[in-house]
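Structure first, commentary second.
Naming convention: chains lettered A, B, ... in sequence-line order (proteins, then strands); numbering from 1 in each chain. Values below: all heavy atoms of this structure, side chains included; hydrogens, waters and symmetry mates excluded.
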Protein chains: 2
Amino acid sequence: MDGATNSRPRTRASYQRLSRDERRDQILAVARRLFTELPYAEVSTTAIAREAGVQRGLIHYYFGTKRELFLKVVQGLTEFAAVQAPPPDESMTLPQTVELCVDLFLDTAEANATTWFAALDAEGFGQDPELLRIVNRFRDATVEYMLTLLRVREPTETLRAVLRIYSGLVEAATRQWLQEKTLDRAQTRTLLARSLLVLMTDIAPSLEHG
Amino acid sequence: MDGATNSRPRTRASYQRLSRDERRDQILAVARRLFTELPYAEVSTTAIAREAGVQRGLIHYYFGTKRELFLKVVQGLTEFAAVQAPPPDESMTLPQTVELCVDLFLDTAEANATTWFAALDAEGFGQDPELLRIVNRFRDATVEYMLTLLRVREPTETLRAVLRIYSGLVEAATRQWLQEKTLDRAQTRTLLARSLLVLMTDIAPSLEHG
DNA sequence: GGATCCTTTTGGCATGGCGCCAACAAGGTG
DNA sequence: CACCTTGTTGGCGCCATGCCAAAAGGATCC
């Protein structure tokens, strides 16, 4: 391989050494920004390294491969975008709880619009099983959270399925509101609240049979 | 490499010459199969060429770039998966029409499950504007088709938005039915039919104001 | 204050994919 | 049978990624 391996000076490298966590977080932050701005393929590890003021090999040292780094980013996004849990209130009526629930969705979506859609968009990224697992875990967590908030005693698998479907409705509605701007927040709120109410009180029970 | 570059006969290339359309369609067929089986990044032009029994450069000759080939594939998928239009029937009641509409969705989805999800999954592929345009055109066509089938005289923009959202519900429901298998066809049908009915007769009108 | 050691960080090699293009050959046309 | 069109090949150059051995921070110990 390279003839004069031993004679090469290999000097002049002035850099600052950081703790494992610091460097990790720093790279992760840069990667998060780039991955939410551009499609996966257009974000090169070279670009991430450059913006982090670091050599490309370091990314491999911390995250292994580019895909693994991407997965870490997506995981972070889903955790970040997860709805913050307020205490369940026993005195509220179902319609009230539903509206509260919807408001939480809308608040979260509005506050983290970019992040929110970046995480959702990541899903279609192919038939990547690992990525699918992450996004599904996020969906399931949301469903479980809805179940506690709505104080459902013993949720059936059917009800869970209905709520997962509903989360697809939430996603689509949020898109129309924040991205296409064909609905305003009040309209989106009404649509989502009434839909959820109908789904839970009316449609879901009618699906329960044999 | 063979040392005598210039003396190289450059012969022995026995191939069959096809017409433009034939070759195009052949490559497209292979690409469609591979792109629906694997994520974009894992399908190399080399693989496509190999399976098509053709040299890699030919792909560029016909389609320009890999991305353009992919877009052609997705476009083909959306056209193929488009719901076939039956004649609108003036004598049907709204609930009947709604059920017919839902059945059409389910038939299409069931018949082309792989294709269907491959097309939908392609969406998230990043913030690719071109790809977004193709998928949106598909969605809009579906919405327009629903409008004629449901015999809506003068659709408002709000109603269109609601139907676009509904198509998100269809997508999510189809996933639960065909991929996760947490619902059967009858349940999915009921859910989608009743949801569409409520959305159109009840919820959408209530969103129309100032 | 200097030697030692552990871990971070670098820099470069190798591989493979993609875009491109000039040369080549199939197969029809005069 | 030469000729011409154009489908087709084969290879060059570039860039991105994975990987790894060597080098440099910087804490610790004497």
Side-chain angles (χ1 to χ4, degrees), chain A residues 1-28 30-31 34-35 38-73 126 128, chain B residues 1-28 30-31 34-35 38-73 126 128:
Chain A
M1 312 4 166
D2 78 271
T5 308
N6 292 337
S7 65
R8 173 177 17 145
R10 269 253 216 176
T11 35
R12 111 200 51 88
S14 181
Y15 56 86
Q16 188 178 7
R17 199 184 158 120
L18 294 186
S19 84
R20 206 167 177 79
D21 283 350
E22 278 176 310
R23 189 62 85 191
R24 238 188 98 89
D25 291 349
Q26 182 212 359
I27 294 177
L28 213 52
V30 173
L34 292 182
F35 278 132
L38 296 169
Y40 177 84
E42 290 183 29
V43 177
S44 66
T45 55
T46 312
I48 298 175
R50 188 184 341 116
E51 302 236 352
V54 136
Q55 211 62 13
R56 200 174 52 81
L58 203 58
I59 294 178
H60 176 262
Y61 176 72
Y62 279 109
F63 298 95
T65 153
K66 177 186 175 186
R67 211 184 72 94
E68 291 176 84
L69 169 59
F70 178 70
L71 290 179
K72 282 275 183 286
V73 167
D128 189 321
Chain B
M1 324 31 200
D2 68 274
T5 308
N6 289 340
S7 65
R8 162 181 26 142
R10 269 262 208 166
T11 35
R12 110 201 58 87
S14 183
Y15 55 85
Q16 189 179 7
R17 200 184 157 119
L18 293 186
S19 84
R20 208 171 177 77
D21 283 351
E22 277 177 311
R23 190 62 84 191
R24 236 187 99 89
D25 290 349
Q26 183 213 358
I27 295 177
L28 212 52
V30 173
L34 293 182
F35 277 131
L38 296 168
Y40 177 84
E42 289 182 28
V43 177
S44 67
T45 55
T46 311
I48 298 175
R50 187 184 342 112
E51 302 237 351
V54 134
Q55 211 61 13
R56 201 175 53 82
L58 203 59
I59 294 178
H60 176 260
Y61 175 72
Y62 279 110
F63 298 97
T65 153
K66 177 187 175 186
R67 212 184 74 94
E68 291 175 83
L69 170 59
F70 178 71
L71 290 180
K72 281 277 184 286
V73 167
D128 190 321

### Query
Is the side chain of A:Glu42 donor-acceptor paired with the backbone N or O of A:Pro39 at a distance under 3.5 Å, no angle test?
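Between the backbone of A:Pro39 and the side chain of A:Glu42 there is no qualifying donor-acceptor contact (under 3.5 Å).
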
### Query
Which comes earlier along DNA chain D counting from the 5' end, the contact point of A:Val43 or that of B:Val54, where each point is its nearest nucleotide?
B:Val54

### Query
Any side-chain N or O of A:Thr65 less than 4.0 Å from the OP1 or OP2 oxygen of D:dG18?
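Result: yes.
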
#### Entry: Side-chain N,O (B:Gln55) to OP1/OP2 (D:dG10) below 4.0 Å
yes

Would you mind classifying the nucleic acid contact of [X] as base, sugar-phosphate or nothing, using non-hydrogen atoms under 4.0 angstrom?
| X | answer |
| --- | --- |
| B:Arg23 | sugar-phosphate |
| B:Tyr61 | base |
| B:Phe63 | nothing |

### Query
Below 3.5 Å, does any donor atom in the side chain of B:Tyr15 face an acceptor in the base of D:dG7, or the other way round?
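Donor-acceptor pair under 3.5 Å: yes.
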
Inter-residue atom distance [X].[atom1] - [Y].[atom2], 0.5 Å rounding:
| X | Y | atom1 | atom2 | result |
| --- | --- | --- | --- | --- |
| B:Leu58 | B:Thr45 | CG | OG1 | 12.0 Å |
| B:Phe35 | B:Leu28 | CZ | CG | 10.0 Å |
| B:Tyr61 | B:Gln55 | OH | CD | 15.5 Å |
| A:Ile59 | A:Lys66 | CD1 | NZ | 10.0 Å |

Using whole Å, what does the distance between atom [atom2] of nucleotide [N] and atom [atom1] of [X] come to?
| X | N | atom1 | atom2 | answer |
| --- | --- | --- | --- | --- |
| A:Ile59 | C:dT9 | CD1 | P | 12 Å |
| B:Leu18 | D:dT8 | CG | C1' | 11 Å |
| B:Arg20 | D:dT6 | CZ | C1' | 9 Å |
| A:His60 | C:dG11 | NE2 | P | 18 Å |
| B:Arg17 | D:dG7 | CZ | C1' | 4 Å |
| B:Arg56 | D:dG13 | CZ | C1' | 12 Å |
| A:Arg67 | D:dC19 | CZ | P | 13 Å |
| B:Glu22 | D:dG7 | CD | P | 12 Å |

